[in-house]
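The structure under discussion appears below in the form of structure tokens.
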Amino acid sequence: MISFKGSHYPKDVILYAVFFYVRYAVSYRDLEEIMAERGVKVDHATLNRWVVKYSPLMARETHRRKSTTSSSWRMDETYIKIKGKWTYLYRAVDKHGKTLDFMLSEHRDEAAASTFFARTLGNSGWPEKVVIDKSGANLAGLQNMNWLLLFHGWFWLIEIVQIKYLNNIIEQDHRFIKKLTRPMEGFKSFSSASATLDGIEVAHMIRKGQFQTAGQSAFQQFAELAA
């Protein structure tokens with residue numbers, strides 16, 4: 001359960017604002033106007049603080065509550081600009097397009113790829129196969145995971161496939177994330193970008209139907225993650 005103690009606003013108001021921002025292509029000033037039209041007076045700086053504070057907490061819950069995924073994975077990274085500098089959003093989905101994990105990194109190298117794979121394995125279990133592009137860093141990161149398996153006495157290794165067209169699923173999936181980040185007037189810091197992307201990924205997982213629900217709306221599913 002996520003705590004909302006100390007806020008002057010009701011939990012549902014905060015969740016509604018966070019969900020609206022990470023699900024739809026709006027700026028904080030646009031959201032300030034939208035909230036005002038609904039009778040809630042809150043400035044854009046407060047809205048930003050809510051997104052940065054609560055989005056990572058919601059994302060943490062997704063790993064515990066998401067539905068079962070396939071053991072055949074697709075992994076790739078896309079570019080996110082922060083203060084005029086390119087950073088890298090590492091993402092993984094299964095062969096059906098279900099989101100497995102995501103991680104923003106300032107670097108695109110073997111260390112970043114290894115960290116991402118270790119994190120994804122910890123959150124989603126061990127895959128039978130991972131499809132990647134021709135990136136040598138991603139290949140090295142996966143090979144490091146296989147060395148870990150051997151070191152711990154496992155002889156069932158992850159099959160690594162480097163065929164670009166098989167990664168079309170995740171390349172298409174990137175588009176939804178990029179569509180939402182474009183109107184956000186640019187990220188001002190790495191931490192706020194990472195937190196906001198956490199929220200966007202959660203909303204995207206809801207959109208893809210990755211949680212067990214009984215006719216709940218998208219917002220109800222989002223709010224349920226905080227319960």
Side-chain angles (χ1 to χ4, degrees), residues 1-67 78-85 87 89 91 98-99 101-104 123 173-227:
M1 178 184 293
I2 296 174
S3 174
F4 292 83
K5 289 181 179 179
S7 173
H8 298 297
Y9 293 85
K11 170 183 173 181
D12 286 348
V13 168
I14 296 172
L15 287 173
Y16 178 82
V18 174
F19 175 74
F20 204 99
Y21 185 75
V22 299
R23 176 60 183 84
Y24 301 101
V26 296
S27 69
Y28 281 115
R29 293 188 183 276
D30 289 335
L31 184 56
E32 183 179 336
E33 290 185 22
I34 291 167
M35 297 299 288
E37 288 174 1
R38 285 157 175 75
V40 179
K41 192 171 183 179
V42 54
D43 64 80
H44 58 276
T46 299
L47 292 169
N48 172 258
R49 285 196 296 271
W50 288 351
V51 170
V52 170
K53 179 178 180 179
Y54 292 109
S55 288
L57 301 177
M58 305 292 279
R60 192 181 307 160
E61 284 296 308
T62 64
H63 298 300
R64 190 167 63 85
R65 306 193 195 193
K66 69 187 177 187
S67 57
T78 189
Y79 297 89
I80 300 291
K81 186 169 281 189
I82 302 174
K83 293 182 70 173
K85 179 182 176 182
T87 59
L89 179 61
R91 306 182 68 244
K98 292 182 178 180
T99 300
D101 214 337
F102 38 87
M103 183 191 80
L104 188 65
N123 287 329
D173 202 66
H174 289 333
R175 292 185 178 182
F176 179 82
I177 308 301
K178 302 288 279 189
K179 176 184 175 182
L180 290 180
T181 59
R182 286 191 195 103
M184 288 181 172
E185 300 179 346
F187 293 114
K188 303 300 188 293
S189 71
F190 183 87
S191 59
S192 65
S194 180
T196 304
L197 288 163
D198 280 350
I200 290 172
E201 292 280 8
V202 171
H204 192 31
M205 292 173 75
I206 290 171
R207 179 173 172 268
K208 291 191 284 187
Q210 287 192 234
F211 303 101
Q212 301 296 331
T213 61
Q216 291 180 318
S217 68
F219 172 68
Q220 287 171 332
Q221 293 177 56
F222 188 79
E224 185 68 24
L225 291 170

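Worth saying up front: this structure is predicted, and the values here are computed from it rather than measured. The residues of the chain are indexed from 1 along the displayed sequence.
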- Message: With side chain to side chain donor-acceptor pair (under 3.5 Å) as the criterion, how do Ser192 and Ser189 come out once you've worked through the C-alpha distance, each side chain's angles and the decisive distance to 0.1 Å?
- Response: CA-CA 5 Å; Ser192 65; Ser189 71; 2.9 Å; yes

- Message: My understanding is that only residues two or more places apart in sequence, or in another chain, count here; which of them pass salt bridge (Lys or Arg N to Asp or Glu O under 4.0 Å) with Asp101?
- Response: Arg119

- One should read off an interatomic distance between Glu33 CD and Glu37 CD, to the nearest 0.5 angstrom, of 7.0 Å

- Item | Sub-4.5 Å side-chain heavy-atom contact between Phe211 and Met205 | yes

- Query: Going from CZ on Arg64 to CG on Asn123, what distance comes out if it is rounded to the nearest 0.5 angstrom?
  - Reply: 12.5 Å

- Message: Tell me whether the rings of Tyr24 and Phe19 are parallel (<30°), tilted (30 to 60°) or perpendicular (>60°).
- Response: perpendicular

- Would you call Glu32 and Lys41 a side-chain contact if the rule is heavy atoms closer than 4.5 Å? no

- If you look at every heavy atom in Leu180 and Val22, which pair is closest and at what distance? CD1-O, 3.3 Å

- Nearest heavy-atom contact between Arg65 and Ala227 is NH2-O, 3.0 Å

- Item | Heavy-atom closest contact (Ala25 atom, Lys179 atom, distance) | CB-O, 4.2 Å

- With Thr78, which residues qualify under side chain to side chain donor-acceptor pair (under 3.5 Å), at least two apart? none

- Results of side chain to side chain donor-acceptor pair (under 3.5 Å) for Asp43 - residues two or more places apart only: Thr46

- Note on the structure: Ser3 and Tyr54 have their tightest heavy-atom pair at O-CE2, 3.7 Å

- Smallest heavy-atom separation, Lys11 atom then Ala226 atom, equals NZ-O, 3.9 Å

- Query: Mind checking whether Thr99 and Lys66 have side chains closer than 4.5 Å, heavy atoms only?
  - Reply: no

- What's the spacing between His174 NE2 and Tyr79 OH if we round to 0.5 Å? 10.0 Å

- Begin from the C-alpha positions of Ile2 and Met58 and carry the test side-chain contact (heavy atoms from CB on, under 4.5 Å) through to its verdict. CA-CA 8 Å; Ile2 296 174; Met58 305 292 279; 3.5 Å; yes

- Query: What's the spacing between Phe176 CZ and Arg207 CZ if we round to 0.5 Å?
  - Reply: 4.5 Å

- Item | Contact list for residues 45-54, test salt bridge (charged side-chain N to carboxylate O under 4.0 Å, His left out), sequence neighbours left out | none

- Message: So Glu201 and Arg91, do their side chains get closer than 4.5 Å, heavy atoms only?
- Response: yes

- Can you check whether Ser55 reaches Val18 side chain to side chain, under 4.5 Å on heavy atoms? yes

- Looking at CD1 of Ile206 and OG1 of Thr62, how far apart are the two atoms once the value is rounded to the nearest 0.5 Å? 9.5 Å

- Task: Indicate the atoms forming the closest heavy-atom contact of Ala195 with Val52, along with that distance.
- Result: CB-O, 3.5 Å

- Query: Within a strict 4.5 Å, meaning less than it, do heavy atoms of the Tyr9 and Phe4 side chains meet?
  - Reply: no

- Message: Counting only heavy atoms not in Lys178 (residues, nucleotides, ligands), do more than 12 fall under 6.0 Å from its NZ?
- Response: yes

- Task: Rounded to the nearest 0.5 Å, what's the gap from CG on Asn48 to OG on Ser27? Could you check?
- Result: 11.5 Å

- When the aromatic ring centroids of Tyr16 and Phe222 are compared, is their separation below 6.0 Å? no

- Pair listing, salt bridge (charged side-chain N to carboxylate O under 4.0 Å, His left out) test, anchored in residues 208-227, at least two apart: Asp173-Lys208

- Message: I'd like to check the side chain to side chain donor-acceptor pair (under 3.5 Å) partners of Arg60; sequence neighbours left out, ordered by chain and number.
- Response: none

- Does some side-chain heavy atom of Ile177 sit less than 4.5 Å from a side-chain heavy atom of Leu89? yes

- Query: Is the distance between the ring centroids of Tyr21 and Trp50 under 6.0 Å?
  - Reply: no

- Task: With the side chain counted from C-beta on, respond yes when Asp198 and Phe102 share a heavy-atom pair under 4.5 Å apart, and no when they do not.
- Result: yes

